[in-house]
Amino acid sequence: MMNAAAAQAALKSHFGYESFRPGQQGVVDAILLGRDALAVMPTGAGKSVCYQVPGIVLGGLTLVVSPLVSLMGDQVRALIEAGVRGAYLNSTLTPGQQATVLRRALEGAYQIMYVAPERLSDPRFIEFAREARIPLVAVDEAHCVSQWGQDFRPSYLAVGDFIAQLPQRPVVAAFTATATARVRGDIARLLDLRDPYEAVTGFDRPNLSFGVERLEPKRKLARIAAYVLDHPLDGGIVYCSTRKDVDKVHAALLETGVRAVRYHAGMPAAARAESQRAFIVDDAPVMVATNAFGMGIDKSNVRYVIHHNMPGSIEAYYQEAGRAGRDGEPSECLLFWSDGDVSTCRFFIEQESGNEELAPEESEAVRASRRRLLEAMCGYCHTTDCLRAYILRYFGEQSSQVVSNVSEEGPGAEDCGESPMKRPSGREEGLEPQDSAPGPSVASGSSDCRQAVGTCCSNCAGAFEAVDVTATARAVMRCVQELRGRFGKGMVVDVLRGSKVAKVLEMHLDEAASYGTVDASVAQVKEIIELLAAGGYLSITEGSYPTVGLGPRAREAAEDGFSLTMKRVSRKPERSRERSAGGRAFGSSGSSALGEVDSSLFERLRALRKRLADEAGKPPYIVFSDAALRDMCVKKPANDEEFLEVSGVGATKLARYGQAFLAEIAAWERGEE
Ligand code: ADP
Ligand code: ZN
């Protein structure tokens with residue numbers, strides 16, 4: 001297979017990588033054999049290489065359809081940096097520039113061209129495409145073609161027609177990071193893929209560690225500031241659910257002397273663009289933003305993503321958190337949440353349904369599905385299991401680590417708790433996105449898991465104590481039953497704690513059998529109610545006056561086997577710090593994820609990268625990824641040949657930057673300033 005060898009060579013010479021990742025190999029092979037492909041890969045898996053390398057090998061002009069106009073410039077710059085002739089065509093170019101690009105494309109000036117989907121129905125473009133030699137059309141973010149996806153774009157429906165008009169049918173390859181079976185079916189059908197090779201790569205992102213902390217709103221600011229100050233050399237994103245929170249967190253960070261920038265839809269476009277620029281070129285290490293920020297951001301060296309509020313779904317959370325560590329280096333994803341976040345999400349679900357185009361029963365169906373998504377998100381916040389395993393199970397997978405843990409799990413896995421929260425909240429149909437294997441669905445917090453401590457999650461690191469609250473939970477169940485679902489959470493808490501407030505006395509609730517049967521704080525009882533609701537034992541109604549009633553699993557709470565464990569976060573992460581010697585400890589640890597690598601050299605190389613990037617007007621991560629710098633620190637190359645051995649260094653980068661980096665490394669070895 002000549003082509004396969006050529007692909008391997010192109011991967012090395014242009015991108016500086018030794019081998020394709022397993023998921024990439026299959027897709028590249030299929031395309032080179034002339035077969036359509038559908039690749040479902042999480043962010044950071046390396047989708048671009050899957051079409052860029054065949055694009056180089058096949059000759060002619062590969063078209064890449066992408067909705068992310070703002071990203072195209074970056075992607076093309078990265079290509080050119082790798083010695084690949086790339087171009088893009090979108091509305092940011094003047095008509096004159098567009099004409100030039102098309103003319104040069106016909107002359108064979110480019111190997112890969114990015115276009116927005118709208119372009120495909122432009123008669124002039126179709127005319128151009130009929131003349132050009134186009135062996136491959138790659139469709140990025142392919143889920144946009146489906147109405148079932150989150151980001152439906154009608155313009156994607158034009159892709160199929162466009163391809164049908166070409167004199168010779170190109171290979172069509174579709175790529176997406178999120179797709180349920182239904183969306184996958186839509187993609188294949190609407191893009192008219194022919195017997196596509198399907199690759200579904202694991203959703204696991206081993207370099208990300210996850211953390212969940214429940215924090216009162218007023219404590220969140222201090223916690224975030226402390227984290228940021230603790231990681232002064234790292235870049236990160238702080239996501240907030242409202243513009244107001246963005247402004248607040250941003251101001252607080254500035255006050256502590258952190259160079260933070262902010263981004264939300266309420267700011268003028270120019271200010272947003274400036275924030276984005278500063279963050280991308282590493283002028284400002286921290287970005288505070290709403291979820292308006294991120295689509296189309298390709299910065300690979302984001303070392304942490306902190307959520308100041310709970311998002312509405314695991315999908316949304318994983319997408320946002322997944323912007324950390326695209327370069328494969330250890331990175332952290334922390335979620336801070338409070339009860340208020342849950343109420344806010346509930347409120348939005350009930351309010352936001354005002355889509356006039358939907359019939360009432362359709363909007364109710366939408367609301368119901370959103371409620372289920374939110375419940376699964378709450379389950380993530382409450383679970384005492386491995387957070388990574390929870391996410392993967394949600395997407396219908398098990399990580400290899402989890403699988404091995406299951407097989408090794410002995411009966412002694414105590415601190416993972418016999419909690420009913422072992423599965424994503426509730427058991428109604430559809431609530432668990434996909435059922436995983438029977439038996440102990442997941443092991444974590446178990447002793448085995450500690451091998452990976454420091455890189456897995458806060459639960460595995462034992463950053464909390466599991467407290468048995470079964471007795472209180474039973475009392476809550478009895479009380480709710482007694483009150484017959486007529487009251488809200490606050491009243492249930494008051495009755496249980498024997499409060500003497502007027503509304504309790506007026507309604508003679510002090511005569512209830514469950515009155516004063518619980519000795520616990522308000523916050524604790526509230527949390528137990530949330531926990532029971534997330535597990536389906538209770539249900540909290542929607543609307544402006546949510547009331548607490550029995551849930552579909554209420555009966556199970558009365559059975560012998562029932563028990564409930566609650567997380568109590570131990571404030572000091574020392575425990576995890578000790579255990580994770582060398583690794584990235586939870587919510588603690590020094591500045592960066594360097595491990596054994598010499599950080600003084602890394603800092604010098606990072607500064608050099610920044611200088612060269614600024615001179616060239618490029619983002620630093622396009623010059624070299626953090627991963628490449630780190631590999632330089634490990635290999636300490638002394639000549640061109642050794643420099644080529646560094647992961648991420650191809651011929652073009654060697655020619656462009658080799659000398660400068662080799663000189664810097666040599667100077668460091670000699671101990672010069
Ligand atoms: P995606 O588009 O799937 O989010 P990217 O194409 O941006 O992912 O790739 C993510 C990162 O992985 C990039 O820094 C890229 O250079 C790197 N990468 C891709 N393929 C390989 C490979 N075969 N070996 C090592 N690194 C790779
Ligand atoms: Zn874990």
Side-chain angles (χ1 to χ4, degrees), residues 7-8 10-12 14-25 27-28 39-53 64 66 68 71 74-75 78-79 81-82 138 140-141 175-178 199 201 203-212 294 296-302 319 322-329 333 380 383-393 399 401-402 405 416 442-446 448-464 576 580 586 621-631 646-650 653:
Q8 191 73 36
L11 182 72
K12 175 70 185 146
H14 288 289
F15 302 100
Y17 299 133
E18 281 317 314
S19 55
F20 287 107
R21 293 170 176 161
Q24 294 172 328
Q25 186 78 59
V27 177
V28 170
V40 183
M41 298 180 175
T43 311
K47 284 183 281 296
S48 352
V49 163
C50 296
Y51 54 80
Q52 288 170 347
V53 167
V64 183
S66 165
L68 305 173
L71 198 61
D74 244 26
Q75 283 165 323
L79 277 179
E81 215 41 25
D140 209 359
E141 312 289 343
F175 298 86
T176 176
T178 45
T201 314
F203 275 76
D204 193 12
R205 301 272 312 276
N207 63 313
L208 300 186
S209 37
F210 297 91
V212 167
I297 301 303
D298 209 11
K299 186 173 159 66
S300 69
N301 58 340
V302 174
Q319 187 174 47
R323 298 202 170 112
R326 291 176 62 138
D327 53 9
E329 296 289 287
C333 308
Y380 178 78
T383 186
T384 51
D385 278 330
C386 174
L387 297 172
R388 174 189 311 282
Y390 186 98
I391 291 174
L392 295 182
R393 203 167 50 233
S399 70
Q401 185 206 335
V402 173
N405 278 340
C416 69
V442 99
S444 63
S446 70
D448 303 357
C449 212
R450 272 165 215 149
Q451 308 156 337
V453 160
T455 55
C456 187
C457 72
S458 54
N459 286 359
C460 288
F464 69 92
S576 59
S580 65
F586 238 86
Y621 68 85
I622 284 190
V623 173
F624 280 121
S625 68
D626 281 11
L629 293 192
R630 186 185 168 126
D631 204 33
V646 172
S647 176
V649 176
K653 294 212 175 176

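Atoms within each ligand, like the ligands themselves, are counted from 1 in listed order.
- Side-chain atoms of D631 come within 3.5 Å of backbone N or O of S647 as a donor-acceptor pair.
- Judged by distance alone, with hydrogens and angles left aside, the side-chain atoms of K299 form no donor-acceptor pair with the main-chain N or O of Y621 at under 3.5 Å.
- Between K653 and V623, the closest heavy-atom pair is NZ-O, 3.0 Å.
- Using modelled atom types, one side-chain atom of Q8 and one backbone atom of E18 make a donor-acceptor pair closer than 3.5 Å.
- With rounding to the nearest 0.5 angstrom, the CZ atom of R326 is 7.5 Å from the CZ atom of R205.
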Give one line per pair: atom of ligand 1, protein atom, distance. Only N/O to N/O under 3.5 Å.
residue: ligand 1; atom: 3 (O); partner: G46; partner atom: N; Å: 3.1
residue: ligand 1; atom: 3 (O); partner: K47; partner atom: N; Å: 2.9
residue: ligand 1; atom: 3 (O); partner: K47; partner atom: NZ; Å: 2.9
residue: ligand 1; atom: 4 (O); partner: G44; partner atom: N; Å: 2.6
residue: ligand 1; atom: 4 (O); partner: R326; partner atom: NH2; Å: 2.9
residue: ligand 1; atom: 6 (O); partner: K47; partner atom: N; Å: 3.4
residue: ligand 1; atom: 6 (O); partner: S48; partner atom: N; Å: 3.2
residue: ligand 1; atom: 6 (O); partner: S48; partner atom: OG; Å: 2.4
residue: ligand 1; atom: 7 (O); partner: R326; partner atom: NH2; Å: 3.2
residue: ligand 1; atom: 8 (O); partner: G46; partner atom: N; Å: 3.2
residue: ligand 1; atom: 12 (O); partner: R21; partner atom: NH1; Å: 3.3
residue: ligand 1; atom: 12 (O); partner: R21; partner atom: NH2; Å: 3.4
residue: ligand 1; atom: 16 (O); partner: Y17; partner atom: OH; Å: 2.4
residue: ligand 1; atom: 20 (N); partner: Q24; partner atom: NE2; Å: 2.9
residue: ligand 1; atom: 23 (N); partner: S19; partner atom: O; Å: 2.9
residue: ligand 1; atom: 23 (N); partner: Q24; partner atom: OE1; Å: 3.0
residue: ligand 1; atom: 26 (N); partner: R21; partner atom: NH2; Å: 3.1

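- Not one N or O on the side chain of N301 forms a donor-acceptor pair closer than 3.5 Å with the backbone of G325.
- For the pair SG of C456 and SG of C386, the angle at the Zn ion (ligand 2) is about 100°; rounding is to 10 degrees.
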